Amino acid sequence: MLRIDRASYDAIVAHARRDHPDEACGVVAGPEGSDRPERFIPMLNAARSPTFYEFDSGDLLRLYREMDDRDEVPVVVYHSHTATEAYPSRTDISYASEPFAHYVLVSTREHGEQTGLAGDDVELRSFRIVDGQVTEEDVDVVESYLFGHTPTTVVYD
Amino acid sequence: MLREASPTPTEGTTMAIEVRIPTILRTHTGGNKIVSGSGSTLSALVDDIDGQHPGIKGRLVTDEGKLHRFVNVYVNDEDVRFTGALDTELKDGDSVTILPAVAGG
């Protein structure tokens with residue numbers, strides 16, 4: 001299951017809508033081992049295409065160095081599909097190489113533009129992609145990680 | 001952050017080049033993020049690393065002897081696609097970073 005805070009969820013959706021009809025892409029980084037997406041990092045789609053996305057090679061290096069310095073990993077790797085459903089394409093599967101990441105797909109095929117009307121939500125789904133195997137997972141959106149669904153002990157320091 | 005260069009080599013020693021390994025290839029390196037190898041070109045370095053960590057070359061280089069399009073390899077800050085790919089020359093203290101491309105359709 002992907003557990004993600006509302007702010008990150010909304011930021012992914014907003015990015016996908018903004019870049020429609022091109023595909024949008026990015027990551028939400030989080031502390032290594034936490035499985036908690038915390039830091040939203042929209043990336044430039046170097047392909048600037050409605051059917052393909054690719055992080056620029058220099059951006060990719062800077063992103064991974066920065067995450068490495070902060071002991072972060074890409075907890076979520078997201079991108080949008082602008083004409084098809086929010087399900088990994090064959091190309092997505094062939095490139096997927098973060099076995100611990102949640103691959104989030106957003107489809108803007110129906111609702112690229114935000115209308116403010118009921119029912120204009122975009123489709124957002126999450127998957128694991130490991131060794132070419134795609135497994136869909138539930139998405140649990142929490143208002144914040146501190147006051148999420150799971151009871152936690154809050155330690156004030 | 002740029003990695004610190006290694007100390008100046010003394011005559012007769014082999015070159016030490018730090019290679020940063022992405023998560024997906026760490027099954028070949030016993031979980032290590034960084035390995036060390038030697039070679040005067042990227043091609044020679046990959047052979048040397050493969051000798052220590054069998055199987056890693058097949059993940060980087062195609063049967064035709066070219067770099068896989070799914071991986072990006074950098075020498076220091078430079079993507080080797082722009083510096084001669086596997087023929088890129090290396091010197092002692094260089095830092096090589098391997099990253100899977102993040103791309104799709």
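This structure is a prediction, so every number in the text was calculated from the model and none was measured. Letters go in sequence order (proteins before strands), and every chain restarts at 1.
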Are side-chain heavy atoms of B/L60 and B/F70 found at a separation under 4.5 Å?
-> no
Does any non-hydrogen side-chain atom of B/R59 lie less than 4.5 Å from one of B/I98?
-> no
Which residues in residues 44-53 of chain A have a heavy atom less than 4.5 Å from any heavy atom of chain B?
-> A/T51, A/F52, A/Y53
Positions in residues 75-86 of chain A that reach chain B, provided some heavy atom is under 4.5 Å away | A/V77, A/H79, A/H81
From [atom1] ([X]) to [atom2] ([Y]), nearest 0.5 Å:
{"X": "A/E98", "Y": "A/R128", "atom1": "CD", "atom2": "CZ", "answer": "11.0 Å"}
{"X": "A/I12", "Y": "A/C25", "atom1": "CD1", "atom2": "SG", "answer": "12.0 Å"}
{"X": "A/L105", "Y": "A/E23", "atom1": "CG", "atom2": "CD", "answer": "8.5 Å"}
{"X": "A/H102", "Y": "A/E137", "atom1": "NE2", "atom2": "CD", "answer": "5.0 Å"}

Shared hydrophobic cluster for [X] and [Y] (ILVMFWY, side-chain gaps under 4.5 Å):
{"X": "B/V102", "Y": "A/Y95", "value": "no"}
{"X": "A/V142", "Y": "A/V28", "value": "yes"}
{"X": "A/V130", "Y": "A/Y103", "value": "no"}

Identify which part of B/Y74 has an atom lying under 4.5 Å from any heavy atom of chain A, answering side chain, backbone, both or neither.
-> side chain
Per-residue contacts, residues 23-35 of chain B versus chain A, heavy atoms under 4.5 Å = B/T23, B/I24, B/K33
Contacts of residues 50-58 of chain B with chain A (heavy atom under 4.5 Å) = none
Distance-only, no hydrogens or angles: does the [X] side chain make a donor-acceptor pair with backbone N or O of [Y] under 3.5 Å?
{"X": "B/T88", "Y": "B/T83", "value": "yes"}
{"X": "B/D48", "Y": "B/S38", "value": "yes"}
{"X": "B/N72", "Y": "B/P100", "value": "no"}
{"X": "B/D79", "Y": "B/R81", "value": "yes"}
{"X": "B/D94", "Y": "B/K91", "value": "yes"}

Carefully, step by step, assess A/E110 and A/E123 under the rule side-chain contact (heavy atoms from CB on, under 4.5 Å).
-> CA-CA 9 Å; A/E110 304 283 0; A/E123 196 186 332; 5.7 Å; no
Quick one: which of A/D92, A/L63, A/L61, A/T91 has the most heavy-atom pairs under 4.5 Å with chain B, could you say?
-> A/L61
Under a 4.0 Å N-O cut-off, is there an ion pair linking A/R62 with A/D59?
-> yes
Kindly determine whether A/V134 and A/Y87 satisfy side-chain contact (heavy atoms from CB on, under 4.5 Å), including the steps that lead there.
-> CA-CA 9 Å; A/V134 176; A/Y87 191 88; 3.6 Å; yes
